[in-house]
Every structure is written in C-alpha cells, then in structure tokens.
There are 2 protein chains.
Amino acid sequence: MGTTLRKKERQKLLKEYIEKEPFVTDERLAKHFNVSVQTIRLDRLALGIPQVRERVKSVAEEIYEPLRSLQQSELVGDLLDVQLEQGGLSVLDINESMVFKKNKITRGHHLFAQANSLAVAVVDAEVALTGSARVRYLKPVLLGDRVVAKATVKYKRDNKYLVQIISKVNDEMVFKGQFIVFATKY
Amino acid sequence: MGTTLRKKERQKLLKEYIEKEPFVTDERLAKHFNVSVQTIRLDRLALGIPQVRERVKSVAEEIYEPLRSLQQSELVGDLLDVQLEQGGLSVLDINESMVFKKNKITRGHHLFAQANSLAVAVVDAEVALTGSARVRYLKPVLLGDRVVAKATVKYKRDNKYLVQIISKVNDEMVFKGQFIVFATKY
DNA sequence: ACTGATTTATGAGTAGGTACTAATAGTTAG
DNA sequence: CTAACTATTAGTACCTACTCATAAATCAGT
C-alpha cells in the first residue's frame, strides 16, 4: 500500500483482501495497509471476520466433509491393473438395472460413473475429488455388453491430474471423457 | 480406549486415527489413547506427523488453490435470470468452432461446460466446485442452434447442492444433467 | 534387583491470536 | 477556542497448541 487510507475505505479493501487471500495473518495485513496490528484487529472485529486460524479451519472443514462422503460412494465397475499416477483399467458388465426397459440402452450416467470412479482410483491419494469432467457418449451401449474403460493420466501438476478415459465394447469406442481430479493428503 | 497399549500398536492406531480425523488435537488424542500429551507428541514425532494446525492448513491450502483456478475458468454461455440457491437460465449460441466439420454436430463437451458453468453460478458462494456430474446427451445439437439451459436446485444440504440442468433447443430437450456442487465461504 | 526402554513431568519459548485499558492525535460541533 | 467524540496506537495479561530440551518416574524382561 504505502499510503494511509481512511477507516471505511480500508475496511472495504480489507474485506476484499481477506476474501481473496484468506490465509493471511494480521501482521501481514498491518504491513500491507500500513497501519498497526491493533487497527487490523479492530477492523476485523467491526467486520465480523474471524482470526486466521478459524478461517483456515473453516475452509478445511467445509471441503473435507464432502470429500469424505464422496470417497465413500462406491466404486462403479471392477478395477483391473491400476498403475497409480499412470493409468488403469476397469470392467463393467451391463445388467438389467442399468438400461432403459424400452430399448435396452444403457443409461448414460452408468458410463459416467464408471469413468469417474476409475479416474479417481488412478490418482494416488487417500482422497480424490473430481473437479470437472468433459464426457462424450459415442455409441449406445446395450444390455449384456462388457464395458472396458481405460484410463490414462495425461498430465499432473501439483495435486491436479488430467485423466483421459476411453471406454470400449468389443474394441469399439463407446465413451470418451476427460476428468480433472484433485488429490488431497488426508 | 480405556486400556493402555504398547508403543508400536498405539502408533499404528494413532496414524490411522489421524488419517480419519485429521483435525484432532494432541490433548484429545491423549485422552483417547489413555496416555499423556507428551507421549502423543513423541509418537507424532516418531511418525513424522505434523501438529494439528499444520494439518488443517495443508488440507485447506491443497484444496483452495485448485478451487481458485477452477473459479477463474471462464463461464460458458450467457447467464440470464439467476436466482441464487434456486435456479437460473443460460443461453449458448452454437458457432462454427463448437461443431464437428463433417456433420455440424456440436461437440458434447460444450453442452457439458455450459451446464457445469450454470450449476456453479446458481450456487450462492464465492467459490464453488463440481463434485460430480451425471449427464445425458439426448439429441444432437447443430450449428446455429440456440441452447437454453435451465437450472433447478433440487436439494441443498449444508454446502452441498444437487442442481438439475435441462438444456433445450426450440423447446426440445437436448441435454440433461445432475450436478453435485460444493460451496465454500472464501 | 538391575538395566534399558518407555512414559510422564517440567520449564522455556513460539505464533497468532482475544480482551482489555490507557494514551495520544485528529476532527468536528457549539 | 475548546469540549466531545472518533480513530489509532501501545501495552498488558491471557489463551491454545504447540516445539525443544531435560529430568524423573515407571515398567518389562532377564
């Protein structure tokens, strides 16, 4: 900052700053706004912003609980040959419950679920989370078909993985997807 | 616990316990294992497990960065009429770059991206994250089509939302999806 | 009973606060 | 011009959840 601002303006900026950078301490904030640590504390108090440890904890908790519940959701398909951080294979046999009665075509979300499960399994982590997915359904999959999904980790940066999934029935591609999966330590 | 265990066994259980419940303090652990706080600290030291504040922080940081980068990814489609926590509408005009040259059919991921963007936008949060999605492509969408995606928040529990997206072209359903979206405060 | 491993206790120091009091500087109203 | 009020800063005691170092107590096996 350098310059000293008035109270109102500073508090507005302070709020924005903490929203963007929630893990910052009062000391760093004091330096940034060129005021004392006490002033920052009064500001936080006035704005109802909790201390940095509370902020960190709330982010961790809010995220951790859904992650855990996602993790518990069962695996779709049988995993074969998973090489962590590289790729893997999963097999799903299409049964009566997965298809539309009328035409015996598999409901799309089963293929999605198989692919998603595999993408998550391939990532080497206690807990993994699908950030986003782009999927394409290429051919209808029918009752009795055996769907073989193949995962390839396209790239990894930090704890972010891009996993490509190609699902085939009798060597014919039926589904293709790219999943961005995040890994976390705990 | 009640009973007192030997060192090795206790350390094994301690590690498992912290993996399941990473936000627990040494004091709680000491009570749980019926030993002193100092013993827990020696155990953590031996196992290379950092203190609770570090553990909380690492969960928050690992998750927060990818969340932020996801947030920055641009919105697909134009938002109209978003009622936070309830529903919304988005319009996407299909142009040359979104279709296959051969048959002028829209690449599936554009519909996915529009739906995903809308699902995230509808959630009332600074930052939101797609946990999982189930999508179905119902009819091919062609060059020049105007895709109207409609979002409905089906239920909300804590910071977890189930958002249904129905996309139509000229009142005909072309895409349907259910997105589970997580919201976070910061 | 002795010895070594294990456990517990004690004290000092740390970060990042809360909650409070007191002093000072700056602004505004009468 | 001065009293009143607001804003800022300083300082204190206390808190949690530790780390690191050292010492004492306890327990288990021979």
Side-chain angles (χ1 to χ4, degrees), chain A residues 1-65 68 126 184-186, chain B residues 1-65 68 126 184-186:
Chain A
M1 291 295 296
T3 55
T4 308
L5 295 160
R6 299 278 166 73
K7 196 185 173 191
K8 261 199 164 176
E9 177 68 0
R10 186 189 59 234
Q11 291 191 344
K12 187 174 158 267
L13 293 174
L14 182 75
K15 201 182 164 191
E16 287 167 13
Y17 194 101
I18 293 175
E19 269 161 19
K20 275 189 199 156
E21 199 80 58
F23 306 155
V24 67
T25 63
D26 288 357
E27 207 182 322
R28 304 289 298 116
L29 288 166
K31 275 181 190 156
H32 183 263
F33 286 102
N34 202 30
V35 292
S36 72
V37 173
Q38 286 79 358
T39 301
I40 294 295
R41 285 177 186 163
L42 287 173
D43 285 348
R44 272 200 301 102
L45 203 71
L47 297 166
I49 298 171
Q51 61 165 281
V52 68
R53 282 166 182 161
E54 297 295 320
R55 301 196 299 270
V56 169
K57 206 176 173 188
S58 84
V59 168
E61 277 174 349
E62 276 178 29
I63 275 301
Y64 189 74
E65 276 312 311
R68 177 143 56 180
E126 297 286 318
T184 68
K185 238 186 247 157
Y186 294 103
Chain B
M1 288 296 297
T3 56
T4 308
L5 295 160
R6 300 281 162 72
K7 198 182 172 192
K8 259 200 165 178
E9 177 68 1
R10 187 190 57 235
Q11 292 191 344
K12 187 173 159 269
L13 292 174
L14 182 76
K15 202 183 164 190
E16 286 168 15
Y17 194 101
I18 293 176
E19 268 160 21
K20 274 189 200 154
E21 199 78 58
F23 306 155
V24 66
T25 64
D26 286 358
E27 207 182 322
R28 304 290 298 117
L29 288 166
K31 274 179 190 157
H32 183 262
F33 287 101
N34 201 31
V35 292
S36 73
V37 173
Q38 288 76 4
T39 302
I40 295 295
R41 285 176 186 164
L42 286 174
D43 285 348
R44 273 201 299 100
L45 203 70
L47 297 166
I49 298 171
Q51 60 166 283
V52 68
R53 282 167 181 160
E54 296 296 319
R55 299 197 300 270
V56 169
K57 205 176 174 189
S58 83
V59 168
E61 277 175 347
E62 276 179 29
I63 275 301
Y64 191 73
E65 274 314 305
R68 178 143 55 181
E126 297 287 319
T184 69
K185 235 186 248 158
Y186 293 104

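No hydrogens, no waters, no symmetry mates; every other heavy atom, side chains included, goes into these values. Residue numbers start from 1 in every chain, and the chains themselves are labelled A, B, ... in the order their sequence lines are given, proteins ahead of strands. What you see is a predicted model, and the numbers here were worked out from it, not measured in a lab.
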**Asked** So how far is it from Lys12(B) NZ to Arg6(B) CZ, rounded to the nearest 0.5 Å?
**Response** 15.5 Å

**Request:** Measure the CD1-CG distance between Ile18(B) and Asp26(B) for me, rounded to the nearest 0.5 Å.
**Result:** 7.5 Å

**Request:** Assess whether side-chain contact (heavy atoms from CB on, under 4.5 Å) is satisfied between Arg55(B) and Ile49(B), documenting all intermediate values.
**Result:** CA-CA 8 Å; Arg55(B) 299 197 300 270; Ile49(B) 298 171; 3.9 Å; yes

All N/O pairs under 3.5 Å across the protein-nucleotides 3-6 of chain C interface:
unit_1: dT6(C); atom_1: OP2; unit_2: Lys7(B); atom_2: NZ; d: 3.4

**Test side-chain contact (heavy atoms from CB on, under 4.5 Å) applied to Arg41(B) and Gln51(B), step by step** = CA-CA 9 Å; Arg41(B) 285 176 186 164; Gln51(B) 60 166 283; over 6 Å; no

**Request:** Test Asp43(A) against every option in Lys7(A), Arg10(A), Gln38(A), Lys15(A) by the side chain to side chain donor-acceptor pair (under 3.5 Å) rule and name the one that passes.
**Result:** Arg10(A)

**Prompt:** Looking at Gln11(B) and Ala46(B), what are the two nearest heavy atoms and their distance?
**Reply:** NE2-CB, 3.9 Å

**Asked** Expressed in angstrom and rounded to an integer, what is the separation of Leu29(B) atom CG from dC18(D) atom C1'?
**Response** 13 Å

**Complete:** Rounded to whole Å, CZ of Arg28(B) lies from P of dC18(D) at a distance of 13 Å

**Message:** Ring-plane angle category for Phe33(A) and Tyr17(A), please: parallel below 30°, perpendicular beyond 60°, tilted otherwise.
**Reply:** perpendicular

**Request:** Mind calculating the distance between CD (Gln11(A)) and P (dT6(D)) to the nearest angstrom?
**Result:** 14 Å

**Asked** For the pair made of CG in Leu42(A) and C1' in dT9(D), what is the distance, rounded to whole Å?
**Response** 10 Å

**Fill in**
Output for pair (Leu42(B) CG, Leu47(B) CG), nearest 0.5 Å, gives 10.5 Å

**Prompt:** In whole angstrom, what separates Arg6(A)'s CZ from dA25(C)'s P?
**Reply:** 18 Å

**Item:** d(CZ, Phe33(A); P, dT8(D)) in whole Å
**Value:** 13 Å

**Atom pair distance, as rounded to whole Å: NZ in Lys8(A) and C1' in dT6(D)** = 14 Å

Polar pairs (N or O, both sides) under 3.5 Å between protein and nucleotides 17-20 of chain C?
unit_1: dG17(C); atom_1: OP1; unit_2: Val52(A); atom_2: N; d: 3.0
unit_1: dG17(C); atom_1: OP2; unit_2: Asp26(A); atom_2: N; d: 2.9
unit_1: dG17(C); atom_1: O3'; unit_2: Gln51(A); atom_2: NE2; d: 3.4
unit_1: dT18(C); atom_1: OP1; unit_2: Arg44(A); atom_2: NH1; d: 3.3
unit_1: dT18(C); atom_1: OP1; unit_2: Arg44(A); atom_2: NH2; d: 3.4
unit_1: dT18(C); atom_1: OP2; unit_2: Arg44(A); atom_2: NH2; d: 2.9

**Item:** Phosphate OP1/OP2 of dT9(D): any Ser36(A) side-chain N/O under 4.0 Å
**Value:** yes

**Prompt:** CG/Leu14(A) to CD/Glu16(A) distance, rounded to the nearest 0.5 angstrom?
**Reply:** 9.5 Å

